[in-house]
**Q** 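Here's a structure for you.
Computed from a prediction, not measured in an experiment: that's the story for all the values here.
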2 protein chains.
Amino acid sequence: MAERKIRNMEEFAEISGISRPTLSKYFNDPDSVRTSTRTKIEQALEQYDFRPNIYAMNQNRKMTKTIGVVVPYLADPFFAEIARNLERQCLDAGYSPILFSSHGEQKLENDILDSLRSQKPAGVLFGPLGRASDRGAVEKFCREVPTVFFDANIEGVGEAFIGSDNFQSVPLIVDYLCRSGEPPCFFEMQPVNPNANKRRKAFKQAMDRLGHEPVVIRADGDGWGFEEVGYKEGLKLIEKRQFPSSTVLCSNDRLAIGLLAACFEKGLRVGLGSGCAMRVAGHDDHPFSRFTCPPLTTVAQDYRAITSKSVETLFQLIESGRDGAEKSETLFEGKLVMRESA
Amino acid sequence: MAERKIRNMEEFAEISGISRPTLSKYFNDPDSVRTSTRTKIEQALEQYDFRPNIYAMNQNRKMTKTIGVVVPYLADPFFAEIARNLERQCLDAGYSPILFSSHGEQKLENDILDSLRSQKPAGVLFGPLGRASDRGAVEKFCREVPTVFFDANIEGVGEAFIGSDNFQSVPLIVDYLCRSGEPPCFFEMQPVNPNANKRRKAFKQAMDRLGHEPVVIRADGDGWGFEEVGYKEGLKLIEKRQFPSSTVLCSNDRLAIGLLAACFEKGLRVGLGSGCAMRVAGHDDHPFSRFTCPPLTTVAQDYRAITSKSVETLFQLIESGRDGAEKSETLFEGKLVMRESA
DNA sequence: TATGTTTTTTTACGCGCGTAAAATTTAAAT
DNA sequence: ATTTAAATTTTACGCGCGTAAAAAAACATA
């Protein structure tokens with residue numbers, strides 16, 4: 001290594017004995033040059049460690065090798081995990097992911113889209129805020145940049161959506177709860193995205209099908225501090241004895257975590273055994289749900305599948321060009337995760 | 001808005017009536033032009049929405065407006081929170097933060113530094129892996145890019161370090177635990193960074209000072225799956241009745257969360273009241289610690305202060321240039337957070 | 001060896017903007 | 001009104017690389 005400092009591709013062409021245009025081709029796609037020249041380049045690369053100036057590279061390329069990854073709320077480990085998987089898969093495919101979090105704020109989401117647009121990314125993997133998203137801004141963005149939505153859909157926008165099949169996953173756990181004890185009520189908060197709405201609907205359908213009255217409790221509070229809402233509203237409801245059932249299916253795990261804290265504070269034992277006053281279940285299999293007290297029964301989203309499919313879909317889109325095909329939607333099934341809370 | 005599509009600064013100069021070099025100045029620093037011209041520009045900007053090509057901008061600028069933010073493990077909400085604060089403060093100061101997570105892997109951390117270097121950032125806010133960091137790679141990086149370390153220090157590298165004063169925070173909670181019940185033992189895992197070591201030392205010192213035997217339990221397991229380690233090792237220790245004290249001070253909250261799960265599973269009631277078999281305390285005031293069962297007694301890191309100071313320090317560094325000054329180190333005090341677990 | 005095909009080299013231009021220098025205008029101060 | 005300082009315009013060049021076109025070289029095939 002070392003020897004002379006290489007300042008640009010011109011100099012690297014000199015010392016490697018390969019012409020600059022060929023080098024340019026190589027750095028754009030290593031497989032686009034003959035193997036013999038490729039090895040020559042890579043040998044020189046080991047000796048002199050040179051990296052082309054990314055700014056000069058991207059300036060005239062119609063398409064960069066950048067992939068934008070946008071999640072609605074990064075402080076949620078669920079999205080952190082998803083982001084991590086998406087990042088890695090982009091990296092493996094030779095792209096450069098850049099990660100953004102909207103932190104639950106519309107303004108931030110719009111700013112991200114703006115700054116993203118000016119980076120001319122090859123494509124974007126977009127987990128939108130949902131209800132709080134600025135549809136107009138998102139539409140405009142998607143017209144310019146190939147976009148795959150995950151987690152939450154925005155109808156009619158973007159090239160594809162990959163998510164979970166709430167109409168499969170929710171009945172799954174409703175069935176389980178009904179056959180193992182008192183039929184559940186549904187505990188939700190102000191819906192932040194379409195998933196929340198679908199889960200409520202799916203709950204109602206499933207309960208109807210089983211011949212039970214579907215009772216939904218809507219907690220006050222909004223934003224992305226789900227645990228807080230679950231806790232505070234849980235406390236209130238317990239105090240007023242307003243839970244219509246001792247079995248509570250929460251719209252998501254984070255809400256359930258908050259509710260568990262409330263139950264604990266109120267001395268209500270949660271679980272299935274005798275001596276338990278309540279059962280609490282969630283949805284998503286949040287990374288921390290294994291460590292709640294008691295461990296949370298929930299239905300796991302297949303986020304491996306979701307991330308893989310999202311990335312694959314985007315790459316196909318990028319390689320084949322946007323051929324005006326209809327938006328594709330892929331939903332993965334959830335798996336019941338039985339733990340001690342219900 | 002709209003009318004004609006502006007393709008570059010040249011065209012924007014035409015329609016705005018401002019010369020291109022002045023526009024260039026404006027986009028680099030809006031305050032560097034006369035207010036009258038500034039308003040002219042901003043009026044035109046509202047009409048025609050034009051954004052200079054970032055790649056062309058950064059190509060020849062010696063210094064970009066980019067700030068790298070690197071955290072060791074983003075799936076940890078503690079770091080997610082820190083990252084969020086850092087991001088926002090960079091944004092507010094007119095810089096563009098780009099976020100990276102090393103996901104606990106040295107290779108990834110090195111890759112990040114590599115890709116970061118090629119982006120010529122104005123500076124980097126760096127939360128290193130710690131023990132797993134590649135000192136040589138980090139040193140090399142810091143020679144090229146102004147770097148402020150936070151959370152974990154790497155001695156002798158970078159321009160500044162901002163973190164918590166473990167030798168204040170740990171005695172704080174040790175004192176509390178000792179005066180409110182049985183003196184604690186210290187539960188740690190393979191240290192991932194200097195903080196872990198310092199906390200152990202601080203524990204020993206504090207116990208010595210109070211005239212108690214300082215007993216440390218080292219859990220097997222490494223990596224960043226702290227809850228898992230705390231849970232599994234906790235189970236083992238409880239089964240074998242090897243906890244030397246019924247009061248356990250954990251090296252951090254995530255470990256404590258795992259231990260709480262183990263206690264719950266083993267039917268050990270945690271808390272201070274009568275009828276409680278154990279007391280468990282943590283360190284950091286992790287965002288989820290409020291929602292554990294029971295809520296976790298811990299000592300809060302002042303991450304507001306840490307992030308603010310980190311960003312301020314970096315900006316000073318950037319503006320004043322690196323004048324070979326000695327590395328500065330700032331430590332903030334922790335605050336005792338008494339909840340029900342101890 | 002001759003032929004056709006693929007790859008590389010040579011040459012040359014352009015991208016969009018930074019920036020330096022000199023000329024000019026504007027604002028502030030006397 | 002005059003002087004002085006500061007900001008802006010004009011002009012011009014350069015950054016590092018993408019990329020197109022034509023010429024040359026390398027390879028494949030018969």
**Q** Excluding sequence neighbours, so at least two apart, what forms side-chain contact (heavy atoms from CB on, under 4.5 Å) with A:Ser16?
**A**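 If we apply the side-chain contact (heavy atoms from CB on, under 4.5 Å) test to A:Ser16, skipping adjacent residues, the hits are A:Phe12, A:Ile18, A:Leu23, A:Ala44.
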**Q** To the nearest angstrom, how far is A:Glu14 atom CD from C:dT9 atom P?
**A**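 Rounded to whole Å, this separation is 14 Å.
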**Q** Nearest to the side chain of B:Ser19 - C:dG16, D:dT10, C:dT8?
**A**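 Ranking C:dG16, D:dT10, C:dT8 by closest atom to the B:Ser19 side chain puts D:dT10 first.
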**Q** Let me know the distance between CE of B:Met57 and P of C:dG16, rounded to the nearest Å.
**A**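 In whole Å, C:dG16 P and B:Met57 CE are 15 Å from each other.
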**Q** Taking any heavy-atom pair under 4.0 Å as a contact, classify B:Phe50: base, sugar-phosphate, or nothing.
**A**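 B:Phe50: backbone/sugar contact only, no base atoms under 4.0 Å.
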**Q** With nearest nucleotides of DNA chain D determined for A:Leu23 and B:Ser36 from heavy-atom distances, which residue corresponds to the more 5′ nucleotide?
**A**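 In this pair, the answer is B:Ser36.
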**Q** Rounded to the Å, how far apart are B:Lys25 NZ and D:dT9 P?
**A**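 Taking NZ of B:Lys25 and P of D:dT9, I get 11 Å after rounding.
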**Q** Please report the distance, rounded to the nearest Å, between CZ in B:Arg51 and C1' in C:dC17.
**A**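 One finds 16 Å between C1' of C:dC17 and CZ of B:Arg51, rounded.
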**Q** Going through the checks in order, is the side chain to side chain contact (heavy atoms under 4.5 Å, CB included) test met by B:Thr66 and B:Tyr95?
**A** CA-CA 6 Å; B:Thr66 302; B:Tyr95 286 85; over 6 Å; no
**Q** Between B:Arg61 (CZ) and C:dC17 (C1'), how many Å, whole number?
**A**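 B:Arg61 atom CZ is separated from C:dC17 atom C1' by 9 Å.
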**Q** Indicate whether OP1 or OP2 belonging to C:dG18 is found under 4.0 Å from a side-chain N or O atom of B:Ser24.
**A**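 For C:dG18, OP1 or OP2 has a side-chain N or O of B:Ser24 closer than 4.0 Å.
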**Q** D:dT8 phosphate, OP1 or OP2: any side-chain N/O from B:Thr22 under 4.0 angstrom?
**A**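 For D:dT8, neither OP1 nor OP2 has a side-chain N or O of B:Thr22 closer than 4.0 Å.
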**Q** Could you list all N or O pairs between the protein and nucleotides 20-26 of chain D that sit under 3.5 Å apart?
**A**
residue : atom : partner : partner atom : Å
D:dA26  : O3'  : A:Arg34 : NH1          : 3.4

**Q** Indicate, with a heavy-atom threshold strictly under 4.0 Å, whether A:Thr37 touches base, sugar-phosphate, or nothing.
**A**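 Here A:Thr37 touches the backbone only, sparing every base.
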**Q** Which residues satisfy the side-chain contact (heavy atoms from CB on, under 4.5 Å) test with A:Arg135, sequence neighbours excluded?
**A**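 Checked A:Arg135 against side-chain contact (heavy atoms from CB on, under 4.5 Å); matches are A:Glu139, A:Ile154, A:Glu155, A:Val157.
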**Q** Between D:dC15 atom P and A:Asn53 atom CG, what is the distance in whole Å?
**A**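 Computing the A:Asn53:CG to D:dC15:P distance gives 12 Å.
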**Q** Name the closest nucleotide to the A:Asn60 side chain, picking from D:dG18, C:dG16, D:dT8.
**A**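 So the nucleotide nearest the side chain must be D:dG18.
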**Q** Decide yes or no on ring pair (Phe, Tyr, Trp, His ring centres under 6.0 Å) for A:Tyr73 and A:Phe79, but give the supporting numbers first.
**A** CA-CA 7 Å; A:Tyr73 196 74; A:Phe79 285 114; 8.1 Å; no
**Q** Sequence neighbours left out, what passes salt bridge (Lys or Arg N to Asp or Glu O under 4.0 Å) with A:Arg7? Give chain and number order.
**A**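 Salt bridge (Lys or Arg N to Asp or Glu O under 4.0 Å) list for A:Arg7, sorted by chain: empty.
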**Q** Is it the case that C:dG18 (base atoms only) and B:Arg20 (side chain only) share a donor and an acceptor within less than 3.5 Å, ignoring hydrogens and angles?
**A**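 It does, because a donor-acceptor pair links the side chain of B:Arg20 to the base of C:dG18 below 3.5 Å.
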**Q** For B:Asp76, which residues count as a side chain to side chain donor-acceptor pair (under 3.5 Å) partner, sequence neighbours excluded?
**A**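 So B:Asp76 forms a side chain to side chain donor-acceptor pair (under 3.5 Å) with B:Arg254, B:His286.
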**Q** For A:Met63 and D:dC17, what is the distance between atoms CE and P respectively, to the nearest whole Å?
**A**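 To the nearest whole Å, that distance equals 21 Å.
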**Q** Round to a whole Å and report the spacing from CD1 of B:Ile41 to C1' of D:dT9.
**A**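 The distance from CD1 of B:Ile41 to C1' of D:dT9 comes to 13 Å, rounded to the nearest Å.
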**Q** Considering residues at least two apart in sequence or located in another chain, which fulfil the side chain to side chain donor-acceptor pair (under 3.5 Å) criterion with B:Gln316?
**A**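 B:Gln316 satisfies side chain to side chain donor-acceptor pair (under 3.5 Å) with no other residue.
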**Q** Where the side chain of B:Ile18 is concerned, which of C:dT19, C:dT9, D:dT9 is the nearest nucleotide?
**A**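 Nearest listed nucleotide: D:dT9.
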